[in-house]
**Student:** 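Got a structure for you, questions after.
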Amino acid sequence: MQDMAVVVDDSNAMDAQPNAALPGSVILRLSGISKFYARIPALTDVSVDFNAGEVHAILGENGAGKSTLMNIIAGVIRPQIGTIEFDGRIVSNLSPETAAALGIAISYQHPAILDDLSVLENLRVSLPPSLFAGKSPRAVAQAILDQVGLTVPLHARSDILTVAQKQLLEIGKALAIKPKVLILDEPTASLDQDATNLLFRCVREVAKAGTSVIYITHRLAELRQIAQRVTVLRDGRKRGSALVAEVSDQDLLAMIVGRRMGSAFPPKADGVGGINFAVGSLSGQNFSDVSFDVARGQILGIAGVAGNGQSELMRALAGLQPSKGEVRLSGQALSPHHLVHNAAFMPSDRHAEGLATGLTIRENAAISALDKFSSFGIVKRKAEMEHVSDAFRSLAVKAPSMEAAVKSLSGGNQQKVVMARASLSDPGLIIADEPTQGVDVGARAEIYRILREVSAKGIPVVVNSSDAAELEGLCDKVIVMSRGRVVETLVGADVAEDRIVAAAVGALTHVDREDNRNYNASASGWRHFVQTDNATAVPLTLVMILLALFVFTQNSHYLSSFNIGNILMLATALGFIALGQTVALILGGIDLSVGPLAGFLVVVASFFVNDGQAPSVILLGFALMFGLAIVVGLVNGLLIRFASFTPIAATLAMYIGLQGCSFILRDSPGGYINAAVVEWITWQIGPIPVAFAVLVLIALAAEHGLRNQRWGWQLRATGSNEDSARRIGLRIDRTFVAGYVASALFTVLGAIMLMAQIGVGDPAQGANYTLASITAVVLGGTSLRGGRGTFVGSVLGALLLTEVLNAVSFLGLSQTYQYVFQGALILMAALIYSTVRERAAAPH
C-alpha cells in the first residue's frame, strides 16, 4: 500500500498577520522532525502543517509516535532534528512555558491533574495568573467547569475525581486560555456520550473562532464527526495526510496498520452452552439488585451512562469491594474472597491499578501467574519467558525488550500488558472494565479476538464499555444500567447500538442533576474537613490536652508557669526544624541533615556570638549561620536534582559531613554564647516565650502561602506528581532546589533557639533533631509520599512530642519510655488519620 499523497491547503499562508492567524492559514508548521531514544527512532522526518480554524486529526497505532509529536509541540520534549514554525516564525528551545506563552494548550490522554491539590488549586497552578487577575478566582474556576459540563465542588481534592471527571478538568484547563493551538490527546477515551457531545460542541466553537485544533483519536467515527483534515503516523513516520471527506475508512485503516483490515470484531458464537456464571440480586456501593446470567461461549456487556454503578459492579464482580447477593461460577457459590482468586480484573485506569510502574514489562505480565512457572517457590525463568513471549505475540505487544520498564511503553501497549497478565493467570472469570480505552484500532481487534477466544473456552467474560458500538460488535448479551439498577437486558439481535443508547438515555430522567447534588453534599461539612491536610490539628490538640490533664493529676507542678514556658521553649527549637523538614517531605523527599546542620551552626556561632565580642562580630556570626545554611540547602538540592542522588543519599552524606565538621571545629564543648543574646532569644511574656509566638506566626503565614499562593501550589504539585507538574509547565528543578534551601533556612531559626538553650558550642548536640523532626512532621499529618502537608500540624506535632518527653520526666519513667511513646504516637496517628479519612470518603 503506497502512502497517500499529502494534501495541504496553505494558499493563505502568506497573508497571515504576525500576531493573528487567519482562517485557513498555517499557524503551526513542523518540518523534518526526528526524535530518538537510545538510537531507536520515535519519529523520523515528520513534516506536517496545522491550519487556523481547522480540526486536524492525528491517527496511528499505539507507539506510532503520536504522543511524542504532541509532546514536542507542547514543549515537553525536544526533537534532535527539524524545525518548528509558529505563526511564521521559527521557534527554538520550545518549553512548556514558552509553548503556553505562544498560545499552545494541550489536554493529555492521561490528565496532568495533581491528586493532592483541590480542583480550584489545580486550575490556579496550571493556568496563567493573568486569567484570575482582578476577578474572583472561584467565579473564574466555576466558569471553566461549566464550559465542559463538570459539576464537582471546587474545594474537592482531585484524588476523589473519577477518570472521566479528571479528563473533563484537563480539557477545561486547555480551553480556558483560549489557545491559538489546542491539542486534544484521546479526549473522549473516558467520557460518556453526553460529555462527548458537549466536548465536540466546544471544539467546533473554538475552531470557528480561529483556533487550530489537533485531535488525536483512535475512533474513526469521531474523526468523521469532528475533523476536516487527517494525518496518519506509523512506526514514527508520516504515512499520509488528506481531507477527511476525501479518504475512506479502509484506506485510513490500511495506512494505520500497514495492511487492509476486515471487521474489527470476531464472529460471535454460533451456539452457546449452559449457564456458567450467574449473579442474583447483587447489591453494593452505587448499585443494587443486579441479576444476570452468562452462558458458556457468551460475552456479557454492561452499558449505561458513566457514573450509574457500572464500574462499582465490575469491582464487586472481581471481589475488590464488598457486595451482598449471590454469585455463582460453574454452579458454585463464591464469596468476594473467592472471587478475588478466580477473577482476572482489567481496570479502566491502568496507571493507577493495572500496572506496577516500577517493574519491567515481563514482571508486570507474569506477576499473577508466578505459581505456573515455579517449583518449590523458585521461578523457572525459561518457562516464564516462553509463556510471556507467547502472550505478547498473540497481542502484538510492541516493546524494545521484555526487560524494559513498563512505563516506557505507549498507552495501548501498556493495556496489552494488562491483558497478557489476565490471560496468563488462567482465570475462571474475566472482568474487563473499559478494556480498549486509549487503545488503537489494530490493538482493539486483537483484544476483541483474545476475549472471544477466552469466552469460547468456557471462561465467562464480562465487559464494561462506554462505547455502545463496541458492545454491539463484541457482546452476545448486554445489560443496561441506570442509577445502579438494570433497566434492560438485550440478547442476540437486540444487541444493537441504537437499542443500547435508547435504553440508557431513556432511563436517565433527572439522574445527572440529583447525582451532582448528592456529590456536592457528600463533599461538604465535616467529611470535607477530615480530608484536608489540617484535619490533624483536632486530634493532636485533643491528645495534648488530655495528656496534660493526666500528668497534672499525677504531679501538680506539671502545669506551672515555669514548666509550660520550658515546654514551649524546647518545642520552639524543634518546631522551626520541623518546618524545614515539612518542606522537604511535601516535595516528596526528606532532609536527614537538619539535625547536624543545627548543631554545626551552633558550633560556628560559638566563635562569634560570645561575651565581649563587638556587635558587628555577633552580627557576622548570625550572617554566617544563614549563609552556611543556604550553601547546605543548595548542595542538597543540586545533588538530588542534577547529580542523581536520592534525597536519602544526598542528605545522609551531608549529615555525616556536617557532623564531622562540627567535631573538627570543636572537639569538646566550648565558646559560651553571649548572655545578652541568650536573654533576648529566650524572652518571655508570662509563661509564653516570644520566640514561640514568632514560630506560630511564621507557621500560620507559611500555611497561608501553602494554600493560597502560587509557590505553595507549586511545592505541593511537585511532591504530588513530578511528571504532571512538569507537563503543566512548572519548573521542577528550581522548585526542588529552592525547597531544600528553605528547609535549611528554617533549620537556622531552630539552631538559634538551640544555641540559646545549651549556651555553648557543643559538637555532640543537634543530631537527634533529625529523627525528632521527622516524628513531629509525621505526627502533624504530612505525608511521607509527598504532595500533602501542613506547617501548623508540624508545630503541633513538635509541641506534642516535647510534651510527651517532658511528661516522661514528671512521671518518673526511664528514658526508654520516651522512644516507646514516640513510636506509639506515630502508629496511633497513622491509624486514626487513615481510618477517619477512609470513612469520610466512603459513600453514605
**Student:** Would you indicate whether the side-chain heavy atoms of L313 and L282 approach each other to under 4.5 Å?
**Tutor:**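 Side-chain contact under 4.5 Å: yes.
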**Student:** Please report the closest heavy-atom contact between M314 and I302, naming both atoms and the distance.
**Tutor:**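 Taking M314 first and I302 second, the nearest heavy atoms are SD-CD1, 3.6 Å.
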**Student:** For residues E186 and Q167, determine if any side-chain heavy atom of one lies less than 4.5 Å from a side-chain heavy atom of the other.
**Tutor:**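 No, side chains not in contact.
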**Student:** Say whether, by atom type as modelled, one donor and one acceptor occur between the side chain of R296 and the main chain of K457 under 3.5 angstrom.
**Tutor:**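 Yes; judged by distance alone, with no hydrogens or angles, the pair exists.
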**Student:** Which pair of non-hydrogen atoms, one from V478 and one from L300, has the smallest distance, and what is that distance?
**Tutor:**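 It is N-CD1, 4.5 Å.
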**Student:** Could you work out, with side chain to side chain donor-acceptor pair (under 3.5 Å) as the rule, every residue matching D115, not counting sequence neighbours?
**Tutor:**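 Listed in chain order: K166.
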**Student:** Would you check if the side chain of D293 reaches a backbone N or O of I275 as a donor-acceptor pair within less than 3.5 Å?
**Tutor:**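 Not at all, since once roles are kept as given, no pair shorter than 3.5 Å links the two residues.
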**Student:** Has Q332 got a side-chain atom pairing as donor or acceptor with L329's backbone, closer than 3.5 angstrom?
**Tutor:**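 Not a single qualifying donor-acceptor pair exists.
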**Student:** Taking the six-membered ring of F287, is NZ or CZ of R485 closer than 6.0 Å to its centre and within 45° of its axis?
**Tutor:**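 Pair R485/F287 does not count as cation-pi.
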**Student:** Keeping the roles fixed (side chain from E170, backbone from Y108), state whether a donor-acceptor pair exists under 3.5 Å.
**Tutor:**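 Flag set: sc E170 to bb Y108 pair under 3.5 Å.
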**Student:** Mind checking whether Y215 and D185 have side chains closer than 4.5 Å, heavy atoms only?
**Tutor:**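 When only atoms from C-beta onward are counted, D185 and Y215 do not touch, as no gap falls below 4.5 Å.
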**Student:** Can a donor-acceptor pair be found, under 3.5 Å and without considering hydrogens, that links the side chain of S118 to the backbone of R157?
**Tutor:**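 No; judged by distance alone, with no hydrogens or angles, the pair does not exist.
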**Student:** Within a strict 4.5 Å, meaning less than it, do heavy atoms of the I728 and L114 side chains meet?
**Tutor:**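 I728 reaches L114 side chain to side chain.
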**Student:** Considering non-hydrogen atoms only, spot the tightest contact between S311 and D433 and give its length.
**Tutor:**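 Shortest heavy-atom separation between S311 and D433 comes out as OG-OD2, 3.6 Å.
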**Student:** Under the 3.5 angstrom rule, does the side chain of N276 hit a backbone N or O of G458 as a donor-acceptor pair?
**Tutor:**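 Pair found, side chain donor or acceptor close to backbone of G458.
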**Student:** Give a yes or no on whether the backbone of S107 and the side-chain of K173 come within a donor-acceptor separation of less than 3.5 Å.
**Tutor:**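 Not a single qualifying donor-acceptor pair exists.
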**Student:** Is the backbone of G304 close enough, under 3.5 Å, to the side chain of Q310 for a donor and an acceptor to pair up by distance?
**Tutor:**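 Yes, Q310 side chain to G304 backbone: donor-acceptor pair under 3.5 Å.
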**Student:** Any non-hydrogen side-chain atom of L317 less than 4.5 Å from a side-chain atom of F345?
**Tutor:**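 Side-chain contact under 4.5 Å: no.
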**Student:** When you measure from the side chain of S482 to the backbone N and O of V487, does any donor-acceptor pair fall under 3.5 Å?
**Tutor:**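 No, the answer is negative, given that no donor and acceptor are paired below the 3.5 Å cut-off.
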**Student:** Please confirm whether the backbone N or O of G484 pairs with a side-chain atom of E312, one donor and one acceptor, at under 3.5 Å?
**Tutor:**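 Here the side-chain-to-backbone pair does not exist.
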**Student:** Parallel, tilted or perpendicular, judged at 30° and 60°: which one describes the rings of F265 and Y448?
**Tutor:**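 Ring orientation of F265 relative to Y448: parallel.
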